[in-house]
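All ligand and atom numbering here is 1-based and tracks the order in the structure.
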Amino acid sequence: MDELIDATGMLVMPGGIDPHVHLEMPFMGTFSSDTYETGTRAALHGGTTTVIDFILQKQGNSLRAALEEWSGRATGNAVGDYSFHMAVTDFNDSTKEEIKEMIADGITSFKTFMAYKGALMIDDRQMIGLMEEVKHQGGMVTVHATNGDMIDYLVQKNILEGNRAPIYHYLSQPEVTEAEASERFADMANYTGCPGYIVHMTCEGALNAVRNATRRNQKVFVETCIQYLLLDASLYEQDFDGAKWVMSPPLREKKDQATLWAGINQGLVQVVATDHCPFKWEQKLMGKDDFSKIPNGHPAIEHRMELLFSEGVKKGKITLNKYVEVTSTNAAKIFGMFPKKGTIAVGSDADIVIFSPNEKHTITASAHHMNTDYSGYEGLEVTGKVKTVLLRGKVVIDNNKCLIDKGYGQLVKRKKINGII
Ligand code: URP
Ligand code: ZN
Ligand code: ZN
C-alpha cells in the first residue's frame, strides 16, 4: 500500500554516498571498530544510504582472495547499501590478469597507497603498470597520495629523537609530502591516460598540483573529507587526547581549510567523504608511548551530512545544490553508479533523505550509533537534522529509529568508468 510522508518544511534530497569508508578493516595490528552492520546502520542514521568500502589485497595473495574475505564480512550483515573499491598492494603479472575480472564483477576502482611503507605502499613502477592495465580495461585508479619514503624517514627520526607524542604524527607528514605525491600521481595518470582520483586531500599544495594539471586539460578527481574542512592541527597540541585525530594525512592549517572550501566552489574538489576508520579509545592507547603505533583514523560516517550542511550550507560557504553534488551525485557519477544512485528520478533507486534544515542538536558519543566510545566532534552544536531516510523506496530510518535489520543492505556493482562527469 502507498504511504504518504508529510515533508512540509523539510528538504528532500538524494541519499548520501560516502565513497571512502573502512569497515572492520585489518590495519596497524587491529581492526577498525565498525562492522558492516554497525557502520552501515550508523551511516543510514546520518542520511548516507550507500558506502564504498576498501578491500585490501594481502601482499603475495590474489585480488580474488581479498574479495572473498570482504564479501564474507559484508554479505548478510550490511544494513545499508555498499560497494567495493579494490586496494592493490602488490601489482604483478597475476594481479594484472585479475583487473578485467574485477571490473566484470562491478569493482571498477582500484585504490593505491603511495604511503604506509612496508605495509600497503606500492612503488611507481607498480603504479604505472596498474594504470596502464586499468585504463585498458575501463576502470579508475584512486590514490592515497603522500610520499611514503619521506614520511618513513621523518617518523623514524622523530622516534629516535624521543618525540613520541601524537603531535609528531602531524609533524612527520608535512604538506610537501602530500603536494609532491599528488603531483607525481597526476603526472603518471596523464602519461598513461588513466582516470585518476585522489582520496582524502587535505592541503593547498596538493590542490595546486591538481590545479596545475587542469592547465593541460587533465581531469583528476579530488575528494576531501569533512574533518579537513572543519578541524585543524591545533587539536594535536594536547597530550595524548590528540590521538583522537591521528589519521593520515593529518589535520592541517586554517589556510588549507580555506583552500579546500574554495576548491569545492571552483569545481576542483568534487566529493566530500569521511575516510571513516573508527577505533575505540583502548585501541588508540596502543600508541600511548609511540605515535607511530596509534591506529590511524577517526569516526565520521554518521555525521558527514549534518556537519557539512551546518558548517557549509548554513554558514553560506556552499550552496544547497553544491551540497547535494559533493555528498551524493558526484560520487555516483565518478564511480559508475549514476543514475541508480545519486539522484531522485524515475527509475532510480529512491534513496531519499528528508532533512529538517533548522533543527539544532549536539553531537555526542553517548547518542551516536557508531561503534566507538568517543566522538571527534563532541559537544559541537549543528543546525539541520536527518529525520527520515528511504533506501530503495523503503523507510529505513524514522525519528532516530532504524526500522530494518542487517541483511537489507545490497552490494552495488558498478559500471565501467571513463573519467568524465
Ligand atoms: O588515517 C587513515 N586515513 N586511516 C585509514 C586508512 C587510510 O589511509 O585511508
Ligand atoms: Zn589513506
Ligand atoms: Zn581511507
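Between the Tyr377 side chain and the Leu307 main chain, no donor and acceptor come within less than 3.5 Å of each other. Side chain of Thr108 to backbone of Lys415: a donor-acceptor contact under 3.5 angstrom is found.
In this structure, atom 4 (N) of ligand 1 lies nearest to the protein heavy atom Asn296 O, 3.0 Å. In this structure, the protein non-hydrogen atom closest to atom 8 (O) of ligand 1 is Tyr116 OH, 2.6 Å. The nearest protein atom to atom 3 (N) of ligand 1, hydrogens excluded, is given as Asp275 OD2, 2.5 Å; this is a heavy-atom distance.
Around the Zn ion (ligand 2), the two atoms ND1 of His144 and NE2 of His200 are separated by an angle of 90°, to 10 degrees. Between OD1 of Asp275 and NE2 of His20, the angle at the Zn ion (ligand 3) works out to 90°, rounded to 10 degrees.
Contacts with ligand 1 closer than 4.0 Å are made by side-chain heavy atoms of His22 only, the backbone lying farther away.
Taking the six-membered ring where tryptophan is involved, the planes of Tyr323 and Phe355 are tilted, since the angle between them lies from 30° to 60°. Classification of the His85-Phe335 ring pair by plane angle, with boundaries at 30° and 60°, yields perpendicular.
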Item to complete: Test ring pair (Phe, Tyr, Trp, His ring centres under 6.0 Å) on Phe54 and Phe27 and set out the steps.
Response: CA-CA 12 Å; Phe54 291 86; Phe27 188 50; over 10 Å; no
Discussion item. Using salt bridge (charged side-chain N to carboxylate O under 4.0 Å, His left out), reason through Arg216 and Asp187 one step at a time and then give a plain yes or no.
Written reply: CA-CA 11 Å; Arg216 58 192 175 205; Asp187 286 348; 3.0 Å; yes
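Close contacts between ligand 1 and Met247 involve ligand atoms 1 (O) [criterion: under 4.0 Å to a heavy atom]. Numbered from 1 in the order shown, with element, the atoms of ligand 1 that lie under 4.0 Å from a heavy atom of Ser248 read 1 (O), 2 (C), 3 (N), 8 (O). Listed by number with element, the atoms of ligand 1 under 4.0 Å from a non-hydrogen atom of His144 are 8 (O).
Contact check for His298 versus Pro278: no side-chain heavy atoms found under the 4.5 Å cut-off.
Within the 4.0 Å heavy-atom cutoff, His200 counts among the residues contacting ligand 1.
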